[in-house]
Peer 1: 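This structure is in structure tokens; I'll ask about it shortly.
Remember, it's 1-based here, ligands and their atoms both numbered in the order they're listed. Because the structure is predicted, anything quoted here is derived from the model rather than measured.
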Amino acid sequence: MDGDPLAYHNGAWRPLSACTVPINTHALQYGTGCFEGIRGYWDGQQVNLLFLREHMERLHRNAGMLLMQTPEVDELCAIAVRLVRDNAPRCNVYLRPMAYKCSTGLSPKLVDEPDGLMMYILALDDYMDTAKGLDLCVSSWVRIPDNAIPARAKATGAYLNSSLARSEACLNGYDEAIFLDTNGQVSEGSAENLFMVRDGVLVTPDKTACILEGITRHAVITLAREAGIAVEERAVGRTELYRADEVFLCGTGCQVSWVRSIDRRQIGSRVQGPVSSAIQQAYEDAVYGRSAHSAQWLTPVT
Ligand SMILES: Cc1ncc(COP(=O)(O)O)c(C=O)c1O
């Protein structure tokens, strides 16, 4: 894939550099878009898109929540497949579809404003180092409450919240931030869901903790239950993390990345724990076509 891949923009196919928007675009001014991140794994012969349909279903639903319209899910999937096919990458890739308000009016209202759709592709291997063990901090920035900006909508404007937390973490020498919600309970990372292991049980904040309802989170729960690991979705207290045997993050970007410290407290022993290792391995097997899940989870682009 060269440096200026083909992209999709409002019905047209053009080089990415030619896909531009006016400076007074609603979405640019007010953050009125919603998006997805989809990985494609190169298996040596073809790119396999992971959870393509699930991502497009989420985009379609979230657009509706934000009073936007997108093409039907089948059409969104077809655009994604063509994007990969026409660019013919021979590496791992990341697809970014986005629905957005493309009008140029001054009012921030969502109704009666036209919608745009874009989709582009980039080469992407690791977003985070999945091997080294991450050093996290609890952010001083609170997760946006659902009745302010819904995190589950994956709205572009909501990512200012993530940007602030992630930047603070980087400036203070951490790899990533953990948000607490307005009740002071653990929510998620800036772009990842969070799991901890306590007394053999895999625990993750429930869907009312202002999280994005992650597709990888769902896959992790499936893999854990299959491995006979009990899973609880419940409120998680900050200091429970300090007492956890294991903590890991998951998401399309970070995949499954284990955590070695939070707020400079060591988590578990110094090495990756057995649960996160097993989940990471099962996930990797699935995305590289080596497990019983692969056929269902992957869309091959030939
Ligand atoms: C805020 C946030 N939480 C969680 C996730 C993980 O979601 P998924 O597994 O669907 O990629 C993401 C992914 O982009 C995210 O932005």
Side-chain angles (χ1 to χ4, degrees), residues 31 33-41 49-63 65-66 76 80 92-99 122 124 126-128 130 134 136 138-139 141-146 148-169 175-181 185-196 204-224 233 236 247-257 259 276 279-280 282-284 286-287 293 297-298:
C34 66
F35 68 99
E36 283 299 319
I38 305 171
R39 269 193 186 265
Y41 289 90
L49 293 170
L50 178 62
F51 296 126
L52 173 62
R53 192 162 191 91
E54 289 80 353
H55 281 283
M56 292 312 191
E57 282 172 353
R58 187 168 69 182
L59 179 67
H60 188 70
R61 264 198 317 271
N62 284 342
M65 196 194 305
L66 299 175
L76 291 169
N92 289 343
V93 293
Y94 181 85
L95 266 63
R96 168 57 58 83
M98 184 187 293
L122 51 118
L124 185 72
D126 275 356
Y127 170 72
M128 281 179 165
T130 54
L134 302 173
L136 308 188
V138 170
S139 184
W141 296 97
V142 171
R143 190 65 177 137
I144 33 170
D146 194 34
I149 300 177
R152 85 184 83 246
K154 211 166 165 58
T156 55
Y159 279 75
L160 182 54
N161 186 224
S162 292
S163 304
L164 289 166
R166 181 78 189 252
S167 304
E168 179 189 57
D175 296 308
E176 178 55 296
I178 300 169
F179 280 118
L180 305 182
D181 64 18
Q185 307 282 18
V186 175
S187 177
E188 61 177 337
S190 75
E192 310 85 15
N193 292 117
L194 180 144
F195 284 85
M196 71 170 177
T204 192
D206 67 68
K207 287 178 185 169
T208 61
C210 300
I211 62 168
L212 176 73
E213 295 177 17
I215 292 168
T216 320
R217 174 185 181 275
H218 182 71
V220 165
I221 291 172
T222 304
L223 293 172
E233 297 178 61
V236 174
V247 175
F248 63 89
L249 299 178
C250 75
T252 300
C254 82
Q255 305 169 102
V256 178
S257 300
V259 173
S276 76
I279 301 283
Q280 192 180 50
Y283 185 76
E284 202 180 300
V287 305
H293 287 295
W297 291 6
L298 301 175

Peer 1: Quick one: does Arg152's side chain have a donor or acceptor within less than 3.5 Å of a partner on Ile211's backbone?
Peer 2: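 A pair under 3.5 Å: no.
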Peer 1: Quick one: look up the protein heavy atom nearest atom 11 (O) of ligand 1 and list residue, atom name and how far away it is.
Peer 2: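 In this structure, atom 11 (O) of ligand 1 has Thr252 OG1, 2.5 Å as its nearest protein heavy atom.
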Peer 1: For Gly214, take its heavy atoms, then give the atoms of ligand 1 lying under 4.0 Å from any of them.
Peer 2: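 Listed by number with element, the hits are 7 (O), 8 (P), 9 (O), 10 (O).
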Peer 1: Is the contact between Lys154 and ligand 1 made by the side chain, the backbone, both, or neither, using heavy atoms and a 4.0 Å cut-off?
Peer 2: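 Answer for Lys154: side chain.
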Peer 1: Between Tyr159 and Phe35, is a ring-ring contact (aromatic ring centres under 6.0 Å, His included) present by the stated rule, with each step listed?
Peer 2: CA-CA 11 Å; Tyr159 279 75; Phe35 68 99; 4.9 Å; yes
Peer 1: Only one of His218, Glu188, Glu213 clears side chain to side chain contact (heavy atoms under 4.5 Å, CB included) with Asn193; which?
Peer 2: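 Output: one option passes, namely Glu188.
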Peer 1: Only one of Leu95, Ile38, Thr216 passes side chain to side chain contact (heavy atoms under 4.5 Å, CB included) with Thr252; say which it is.
Peer 2: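 Result for side chain to side chain contact (heavy atoms under 4.5 Å, CB included) with Thr252: Thr216.
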Peer 1: So, 4.0 Å and heavy atoms of His218: is ligand 1 close enough to count as a contact?
Peer 2: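 Contact check His218 vs ligand 1: negative.
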Peer 1: Kindly indicate, with the supporting measurements, whether the criterion side chain to side chain contact (heavy atoms under 4.5 Å, CB included) is fulfilled by Arg39 and Phe51.
Peer 2: CA-CA 8 Å; Arg39 269 193 186 265; Phe51 296 126; over 6 Å; no
Peer 1: Does a donor on one side chain sit under 3.5 Å from an acceptor on the other, for Ser190 and Glu176?
Peer 2: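 Indeed, the side chains of Ser190 and Glu176 share at least one donor-acceptor pair under 3.5 Å.
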Peer 1: Once you restrict to heavy atoms under 4.0 Å, what part of Arg143 touches ligand 1? Side chain, backbone, both or neither.
Peer 2: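 It is the side chain that touches ligand 1; the backbone stays farther off.
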Peer 1: Return the closest protein heavy atom for atom 9 (O) of ligand 1 as residue, atom name and distance.
Peer 2: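 For atom 9 (O) of ligand 1, the nearest protein heavy atom is Thr216 OG1, 2.5 Å.
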Peer 1: Side chain or backbone, does Tyr159 bring an N or O within less than 3.5 Å of an N or O on ligand 1?
Peer 2: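 For ligand 1, there is an N or O atom that lies under 3.5 Å from one belonging to Tyr159.
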Peer 1: With a 4.0 Å cut-off, would you call Glu57 and Arg53 a salt bridge?
Peer 2: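 Salt bridge: yes.
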Peer 1: Hey, does Arg217 come in under 3.5 Å of ligand 1, counting only N/O atoms on both sides?
Peer 2: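 Between Arg217 and ligand 1 (N or O atoms, distance only) the closest approach is not under 3.5 Å.
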Peer 1: Using a 4.0 Å cutoff against the non-hydrogen atoms of Arg58, which atoms of ligand 1 qualify?
Peer 2: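 Those atoms are 10 (O).
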Peer 1: Between Ala191, Ala219, Gly251, which one has a non-hydrogen atom sitting closest to atom 12 (C) of ligand 1?
Peer 2: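 Considering heavy atoms of Ala191, Ala219, Gly251, the nearest to atom 12 (C) of ligand 1 sits in Ala191.
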Peer 1: Within a radius of less than 6.0 Å around CH2 of Trp141, do more than 12 heavy atoms belonging to other residues, nucleotides or ligands occur?
Peer 2: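 Count not over threshold, so no.
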Peer 1: Report yes if some N/O of Ser162 lies less than 3.5 Å from some N/O of ligand 1; otherwise report no.
Peer 2: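 No; every N/O pair is 3.5 Å or more apart.
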Peer 1: Evaluate Ile215 for polar contact with ligand 1, using N/O atom pairs at a separation under 3.5 Å.
Peer 2: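 Yes; the residue has a nitrogen or oxygen that sits under 3.5 Å from a nitrogen or oxygen of the ligand.
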Peer 1: At under 4.0 Å between heavy atoms, is it the side chain or the backbone of Ser190 that contacts ligand 1, or both, or neither?
Peer 2: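 The answer is the backbone.
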Peer 1: Using a 3.5 Å cut-off on N or O atoms only, is Glu188 in polar contact with ligand 1?
Peer 2: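 Checking ligand 1 against Glu188, an N or O pair does fall under 3.5 Å apart.
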Peer 1: Does Lys207 pair with Glu233 as a salt bridge, N-O distance under 4.0 Å?
Peer 2: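 The answer is no: the pair does not qualify as a salt bridge.
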